[in-house]
Amino acid sequence: MAPYKILLADDEAALRFLLTETLAEEGYELTEAEDGAQALAYLREQPFDLIILDYMMPERTGVEVCEWLRGHANPNADTPVILLTAKALDKDRERAKAAGVTQYIVKPFSPLQLLDTVEELIRRDAR
């Protein structure tokens with residue numbers, strides 16, 4: 001069976017590196033995007049099993065990417081989305097939920113916590 005494909009979009013190179021290493025060790029295939037525009041380019045072209053977006057990115061925020069994802073015909077319209085963010089206010093959570101975010105994770109977080117969430121969403125989506 002082919003490895004599950006994950007798009008990871010975050011403007012922090014160090015965090016992308018940490019998460020890519022953590023997820024690749026578990027057998028996931030990662031594609032990295034350093035901003036929202038690059039994430040959209042990938043999302044238009046190829047299907048992913050899971051999408052991880054940072055809330056605050058240049059070009060487009062993670063919420064804006066998710067709004068586009070859910071509102072336009074594309075190969076990832078129904079793909080689960082994890083939003084990583086330092087924004088912990090209820091209004092931010094509500095905006096993310098309205099945009100179609102599947103899971104909201106507040107920074108700082110443990111890479112192992114993220115791994116558990118990734119595994120849960122991929123198993124749930126595979127059913």
Side-chain angles (χ1 to χ4, degrees):
M1 187 170 107
Y4 289 108
K5 293 174 61 177
I6 298 174
L7 174 65
L8 171 61
D10 196 303
D11 59 322
E12 291 182 50
L15 183 59
R16 276 198 324 271
F17 176 79
L18 173 66
L19 297 181
T20 296
E21 290 296 307
T22 301
L23 294 167
E25 283 179 13
E26 296 299 319
Y28 295 107
E29 181 182 311
L30 276 286
T31 299
E32 293 182 42
E34 56 190 43
D35 62 41
Q38 192 177 39
L40 283 176
Y42 286 126
L43 292 168
R44 286 183 178 105
E45 296 171 6
Q46 57 186 300
F48 292 94
D49 297 297
L50 183 72
I51 301 161
I52 302 173
L53 303 171
D54 182 29
Y55 196 127
M56 301 302 295
M57 292 186 289
E59 306 301 326
R60 294 267 185 112
T61 68
V63 168
E64 290 168 341
V65 170
C66 196
E67 286 171 341
W68 176 89
L69 186 69
R70 301 301 189 219
H72 294 83
N74 70 84
N76 298 289
D78 297 320
T79 303
V81 174
I82 296 173
L83 188 71
L84 307 177
T85 182
K87 296 165 103 26
L89 298 177
D90 285 342
K91 68 177 185 171
D92 298 315
R93 286 180 188 272
E94 291 303 316
R95 176 140 191 256
K97 184 177 178 183
V101 168
T102 312
Q103 187 74 39
Y104 193 92
I105 297 179
V106 177
K107 295 177 183 176
F109 59 88
S110 155
L112 296 176
Q113 173 196 3
L114 178 66
L115 183 59
D116 288 345
T117 302
V118 165
E119 290 174 354
E120 174 189 325
L121 291 176
I122 284 182
R123 274 197 311 271
R124 184 172 75 190
D125 200 53
R127 285 185 209 154

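Annotation: Lys97, atom NZ; neighbour count of heavy atoms from other residues, nucleotides and ligands within 6.0 Å does not exceed 12. Annotation for Phe109: atom CZ counts as buried by contact number, over 12 foreign heavy atoms lying within 6.0 Å.
Residues Leu114 and Thr22 form no side-chain contact, since every pair of their non-hydrogen atoms from C-beta on lies 4.5 Å or further apart. The shortest distance between side-chain heavy atoms of Glu29 and Asp49 does not fall below 4.5 Å. Using a 4.5 Å cut-off on side-chain heavy atoms (C-beta onward), Asp92 and Thr85 make no contact. Phe48 has its side chain out of reach of Ile6: every pair of non-hydrogen atoms, C-beta onward, lies at least 4.5 Å apart. The side-chain heavy atoms of Arg93 and Val106, taken from C-beta on, include a pair separated by under 4.5 Å. Side chains of Leu18 and Pro111 form a contact here, defined as non-hydrogen atoms less than 4.5 Å apart.
The nearest pair of heavy atoms linking Asp54 to Met57 is O-CE, 3.5 Å.
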Worksheet item: Could you walk me through whether Thr102 and Ile82 pass the side chain to side chain contact (heavy atoms under 4.5 Å, CB included) check?
Response: CA-CA 6 Å; Thr102 312; Ile82 296 173; over 6 Å; no
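The line from CG of Leu43 to CG of Asn74 is 6.5 Å long, rounded to the nearest 0.5 Å.
The aromatic rings of Tyr4 and Tyr28 are tilted relative to each other, their planes meeting at an angle between 30° and 60°.
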